[in-house]
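Report on one structure; see the data block that follows.
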Amino acid sequence: MATAYNLKQEASKPERFVGGHRLCAGCGAGVAVRGVLRALKDEDKSVSGVATSCLEVSSCLYPFTAWNDCFIHSAFENVAASVSGAEAAYNALKRKGKIKDTFKFIAFGGDGGTYDIGFQALSGAMERGHDMVYVCYDNEAYMNTGLQRSSATPKYAEVSTAPVGSKIPGKAQFKKDLTETIVAHDIPYVAQTTFISNFKDLHEKSYKAHYTPGPAFLNILAPCPRGWRYPPEDLMAICKLAVDTCVWPLYEVIDGEWSLTYEPKTKLPVEDYLKPQGRFSHMFKPGAQYMIEDFQKEVDKKWERLLKKCK
């Protein structure tokens with residue numbers, strides 16, 4: 001269900017998520033939201049639910065809001081439940097002839113509210129089969145509350161609850177693979193994406209998610225300049241390195257069929273992705289080479305496994 005993508009045409013659409021919000025310069029969350037909402041057809045309306053997060057606190061400071069469509073602020077853990085309830089109410093009103101317009105339902109959550117605290121609500125909404133899209137903007141830590149580790153935080157990354165020192169080399173565990181976990185729910189559409197090239201991958205996957213009947217899930221790598229410690233203007237470069245090192249592969253699963261949507265011409269070493277980020281700076285100190293080797297080994301293992309699934 002691909003749609004022709006024209007960057008100039010898409011950029012000229014009226015914004016559903018407008019500027020003037022308080023998100024940091026170089027933050028991936030706002031870019032993710034704008035891209036996902038821009039993929040909606042002009043004639044469709046939307047209801048967006050947002051879990052308590054950087055995105056929520058920065059985009060709706062009373063009496064101001066960056067949201068032009070309907071907006072629901074949910075607690076940290078229950079945005080999937082809130083949006084699935086709104087979708088069920090809409091269907092009931094539609095059956096009774098009380099609503100004529102077409103609405104699309106979208107839940108947005110960070111990795112803390114998706115991988116961890118909100119996973120129960122997410123899993124339930126996907127299993128029940130609500131016609132909605134859940135979007136995780138994955139910045140790999142609890143950025144809004146002080147840069148604590150989440151299960152999305154990569155191994156060896158330095159965060160406030162896993163500081164680097166003589167005893168601890170950053171986070172001790174590898175990142176949870178939430179995308180594969182959602183695939184196991186056997187829903188119609190699941191995809192991983194981020195910001196590369198002209199946003200074509202993000203747009204096409206967002207469009208498919210909106211217009212595939214039933215539940216859909218998008219996992220979008222959305223770097224955080226403060227937590228990852230990179231210059232704000234390097235957002236796109238960091239995302240490109242994540243993809244070209246295969247740290248964050250781009251793929252989709254449609255009705256159980258896996259397919260890559262981007263394969264690097266040359267698979268870069270993970271050092272290229274790790275080095276520009278201050279959270280990994282300790283991995284390049286004398287005696288720390290084992291961390292890079294361990295990181296590379298895990299990426300290679302998961303990449304080969306993904307290639308087999310995508311045939």
Side-chain angles (χ1 to χ4, degrees), residues 10-11 13-40 45-80 82-83 105-118 133-150 152-153 157-161 193-195 199 202 206 218-239 242 276-279:
E10 293 301 318
K13 284 184 174 181
E15 291 287 357
R16 295 173 186 254
F17 183 76
V18 301
H21 51 70
R22 274 79 163 179
L23 288 166
C24 299
C27 173
V31 181
V33 173
R34 290 180 68 197
V36 169
L37 295 181
R38 191 178 286 124
L40 288 164
K45 297 181 179 180
S46 72
V47 175
S48 293
V50 180
T52 298
S53 58
C54 290
L55 176 61
E56 179 271 319
V57 300
S58 299
S59 66
C60 58
L61 280 73
Y62 181 83
F64 305 105
T65 180
W67 302 82
N68 270 338
D69 287 355
C70 299
F71 172 82
I72 302 171
H73 168 212
S74 295
F76 213 152
E77 72 278 2
N78 68 347
V79 65
S82 298
V83 173
F105 294 84
I106 310 142
F108 292 96
D111 54 283
T114 305
Y115 282 68
D116 298 338
I117 294 174
V133 181
Y134 191 103
V135 179
C136 176
Y137 68 93
D138 186 355
N139 55 31
E140 299 191 326
Y142 289 87
M143 300 302 183
N144 183 45
T145 54
L147 189 55
Q148 298 91 352
R149 58 89 82 195
S150 76
T153 305
E158 182 175 29
V159 289
S160 61
T161 49
T193 186
T194 189
F195 322 125
F199 295 96
L202 174 64
S206 298
L218 292 174
N219 205 356
I220 304 175
L221 187 69
C224 167
R226 179 179 174 273
W228 294 22
R229 288 183 270 158
Y230 67 84
E233 63 271 19
D234 289 349
L235 171 66
M236 298 292 283
I238 294 291
C239 292
Q277 303 176 52
R279 61 178 177 160

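The basis for the numbers below is simple: all heavy atoms, side chains too, and nothing from hydrogens, waters or symmetry mates.
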Restricting to side chain to side chain donor-acceptor pair (under 3.5 Å), what partner residues turn up for Ser53, sequence neighbours left out? Tyr137

Using residues 25-36 as the side-chain source, report each donor-acceptor pair under 3.5 Å to any protein atom, sequence neighbours left out, with the distance given to one decimal.
{"unit_1": "Arg34", "atom_1": "NE", "unit_2": "Glu15", "atom_2": "OE1", "d": "3.4"}
{"unit_1": "Arg34", "atom_1": "NE", "unit_2": "Glu15", "atom_2": "OE2", "d": "3.3"}
{"unit_1": "Arg34", "atom_1": "NH2", "unit_2": "Glu15", "atom_2": "OE2", "d": "2.5"}

Of the non-hydrogen atoms in Asn78 and Ala75, which two are nearest, and what is the gap between them? OD1-N, 3.0 Å

Can you measure from CG (Leu218) to CG (Asp138) and round to the nearest 0.5 angstrom? 12.5 Å

Are Phe76 and Asn144 side-chain neighbours, meaning at least one heavy-atom pair lies under 4.5 Å? no

What residues form a ring-ring contact (aromatic ring centres under 6.0 Å, His included) with Phe105, not counting sequence neighbours? Tyr90

Side chains of Pro276 and Ile238: does their closest heavy-atom pair fall under 4.5 Å? yes

For the CG atom of Leu37 and the OG atom of Ser48, what is their distance to the nearest 0.5 Å? 5.0 Å

Taking all non-hydrogen atoms of both residues into account, name the closest pair between Ser150 and Asp111 and its distance. OG-OD2, 2.6 Å

To the nearest 0.5 angstrom, please state how far the CD atom of Glu77 sits from the OG atom of Ser82. 9.0 Å

Find out whether Met236 and Phe199 are in side-chain contact, i.e. whether some heavy atom of one side chain is under 4.5 Å from a heavy atom of the other. yes

Out of curiosity, Arg229 CZ to Leu147 CG, how far, rounded to the nearest 0.5 Å? 8.0 Å

Check whether any side-chain N or O of Ser160 sits under 3.5 Å from a backbone N or O of Gly146 as a donor-acceptor pair, and report yes or no. yes

Would a 4.5 Å heavy-atom cut-off, applied to side chains only, mark Leu23 and Leu55 as touching? yes

Which pair of heavy atoms, one from Val50 and one from Phe71, lies closest together, and at what distance? CG2-CE1, 3.5 Å

Residue set satisfying side chain to side chain donor-acceptor pair (under 3.5 Å) with Thr114, at least two apart, ordered chain then number -> Tyr134

How close do Thr194 and Ile220 get, counting heavy atoms only, and between which atoms? CA-CG2, 4.2 Å

Checking Arg38 side chain against Glu10 main chain: does a donor-acceptor pair fall under 3.5 Å? yes

With sequence neighbours excluded, what pairs up with Thr145 under the side chain to side chain donor-acceptor pair (under 3.5 Å) test? Gln148

Would you say Lys13's side chain and Leu40's backbone share a donor-acceptor pair under 3.5 angstrom? yes

If you look at every heavy atom in Thr161 and Arg149, which pair is closest and at what distance? OG1-N, 2.9 Å

Side-chain contact test, heavy atoms from C-beta onward, threshold under 4.5 Å: evaluate it for Tyr115 versus Asn219 and give yes or no. yes

Give the ring-plane orientation class for Trp228 versus Tyr230, where under 30° counts as parallel, over 60° as perpendicular and anything between as tilted. perpendicular

May I ask you to check whether over 12 heavy atoms, not counting those of Arg16, lie within 6.0 Å of atom CZ? yes

So which atom in Asp69 and which in Ser46 form the shortest heavy-atom distance, rounded to 0.1 Å? OD2-OG, 2.6 Å

Any side-chain heavy atom of Val79 sitting closer than 4.5 Å to one from Phe108? no

Listed partners of Ser59 passing side chain to side chain donor-acceptor pair (under 3.5 Å), at least two apart: Trp67

